[in-house]
Amino acid sequence: MRVEGRESKIAGALLAHYDVHARRLPWRAPPGTNASDPYRVWLSEVMLQQTTVAAVGPYFARFTTSWPTVEELAAAQDADVMAAWAGLGYYARARNLLSCARAVVRDHDGRFPDTEEGLRGLPGVGAYTAAAVAAIAFGRRAVVVDANVERVVARLFAIDTPLPAARSAIRAAADRITPDARAGDFAQAMMDLGATICTPRNPACGICPLRQDCAAFATADPAAFPVKAPKKVKPHRLGHGWWIERDGHVWLVRRPDKGLLGGMRALPSSDWGAAPEWTPPVDAAWTSLAEPVSHVFTHFSLALALHRAHLDAGMEPNGTGEWWPIDRIGEAGLPTLFARAVEAVRRDKDARDAKD
DNA sequence: CATCCGTGGGC
DNA sequence: TGCCCAAGGAT
């Protein structure tokens, strides 16, 4: 695409601002250097999918310490990687992360493809991540469009078509302002701008380097862009979960690879729904907690009723699982819902002990 | 194009 | 407090 006139002015002003104000982030090459490890760029981009910079920080540090290279990650145990990802959410990313690392080692001699097309063929790498890695790690011109870029571009050009229908127009406009040189810096500069100045609410237009070129700034309400389709209501679901204890251990199961919390360790639980059928996984003297654990997922909210029991030596619940030492439950890699269920059981036990 | 898939922080 | 939102991808 040609870059000229107003379009090139935007890139120039943004890059000049970025040269002074770029955020220092753990996965970014230090200022003034061109070093960029494709493994670290890819790892950070996958972690940052639908996830905030603040949440990713400690996970990125732990992953790069445990697995400094793609070869080492490819050789890791599945359960270790899933446990290290616990709490970060969208667990299909962790499964795809491992598949991708192994594909890079097996099919690409341990080196990430350096083109969008090549990257796009890897598990967990979609249009955004392929463009971001191609631009940031390999200096390729690529049109990088994430939610920040969507917002910035929709405002720059006052695109009032509601999302997601506006995606094609936004992408075309992003293409027009993407420079041939420094495409990686440009992409990161757009994302920095969206994260710190051109924010969803109360954008700081007064300090924005692009306000002279921004069609939304010229309107009464720049924050009205982008326009979004109304969202649908979240249904409520109910479920039952079981804390089964035996000799200092608790019974944990592994959830199926596909679906919600796929591949993660968990407490055994019933189906979740409007009025789910439920039968405890073992015949025992059950004590029910007074309050369920409430948790909100992307497309529904859940109230998980909890029940706990002790088993005698030698007794086993139905189905497949493992006895996990309770004093090391923090190492089980439970997703947040079940980590909170564990906390609720602990509080319930403490309350009863205090009464005795 | 719509749906499914987590979680924590900000206001 | 409830709602919005985030460096999206797979199906």
Side-chain angles (χ1 to χ4, degrees), chain A residues 23 25-28 40-60 82 85-97 99-100 119-137 142-152 162-168 171 174 184 186-196 198-203 223 226 228-237 255-264 266 272 294-302 333-340:
Chain A
R23 290 181 292 174
L25 301 174
W27 43 87
R28 272 187 191 166
R40 293 167 64 89
V41 173
W42 160 77
L43 177 62
S44 69
E45 290 300 341
V46 173
M47 287 184 165
L48 286 161
Q49 289 166 5
Q50 295 288 285
T51 307
T52 57
V53 165
V56 165
Y59 286 86
F60 183 80
M82 298 308 289
W85 197 277
L88 200 53
Y90 285 139
Y91 299 98
R93 291 185 295 171
R95 298 194 299 279
N96 288 330
L97 190 82
S99 300
C100 182
L119 290 159
R120 191 67 178 75
L122 296 169
V125 177
Y128 163 77
T129 303
V133 174
I136 297 168
V143 182
V144 180
V145 183
D146 75 326
N148 288 300
V149 175
E150 281 186 354
R151 183 171 59 256
V152 171
L163 287 170
R167 293 251 151 81
S168 60
R171 183 184 176 76
F186 178 77
Q188 295 181 89
M190 289 285 278
M191 294 189 275
D192 273 18
L193 190 76
T196 62
C198 194
T199 51
R201 285 170 291 190
N202 302 318
K228 296 198 173 181
K231 54 191 54 179
K232 43 184 63 173
V233 297
K234 276 181 192 184
H236 300 284
R237 295 185 190 173
R255 295 177 60 83
D257 277 330
K258 303 205 179 234
L260 192 77
L261 309 178
M264 303 299 288
W272 305 343
S294 294
H295 195 71
V296 179
F297 293 100
T298 305
H299 57 293
F300 67 94
S301 59
L302 174 72
L334 294 175
T336 298
L337 165 67
F338 291 106
R340 290 174 59 188

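No hydrogens, no waters, no symmetry mates; every other heavy atom, side chains included, goes into these values. Convention: sequence-line order gives letters A, B, ...; per-chain numbering from 1.
Across the C1' atoms, C/dC5 and B/dC5 are found 16 Å apart, a figure rounded to whole Å.
Residue A/Gln50 places at least one side-chain N or O under 4.0 Å from the OP1 or OP2 atom of C/dG8. OP1 or OP2 of B/dG8 has not a single side-chain nitrogen or oxygen of A/Thr51 nearer than 4.0 Å. Between B/dT7 and A/His295, a contact under 4.0 Å exists linking OP1 or OP2 to a side-chain N or O. Regarding contacts with the backbone of C/dG2, every side-chain N or O of A/Lys234 stays at 4.0 angstrom or more from both OP1 and OP2. Regarding contacts with the backbone of C/dA10, every side-chain N or O of A/Tyr90 stays at 4.0 angstrom or more from both OP1 and OP2.
Here C/dG8 is the nucleotide among C/dA7, B/dG6, C/dG8 with the atom lying nearest to any side-chain atom of A/Thr129. When distances are taken from the side chain of A/Gln49 to each of C/dA7, B/dC4, C/dG8, the shortest belongs to C/dG8. For A/Arg120, the listed nucleotide lying nearest its side chain is C/dA10; candidates were B/dT3, C/dA10, C/dC4. Comparing atom distances between the A/His299 side chain and each of C/dA7, B/dT7, B/dC5 picks out B/dC5 as nearest. Taking the side chain of A/Pro200 as heavy atoms from C-beta on, and the options C/dA6, B/dT7, C/dA7, the nearest nucleotide is C/dA6.
Using modelled atom types and a 3.5 Å distance limit, the side chains of A/Gln49 and A/Tyr128 yield no donor-acceptor pair. A donor-acceptor contact under 3.5 angstrom links the side chains of A/Asn148 and A/Arg151, judged on distance only. A/Gln188 and A/Arg28 form a side-chain donor-acceptor contact under 3.5 Å, judged by distance and modelled atom types alone.
Judged by closest nucleotide on DNA chain B, A/Pro164 is the one of A/Leu337 and A/Pro164 placed further toward the 5' end.
Within 4.0 Å of A/Ala147, counting heavy atoms only, lie sugar-phosphate atoms of the nucleic acid but no base atom. Heavy atoms of A/Leu25 sit under 4.0 angstrom from at least one base atom.
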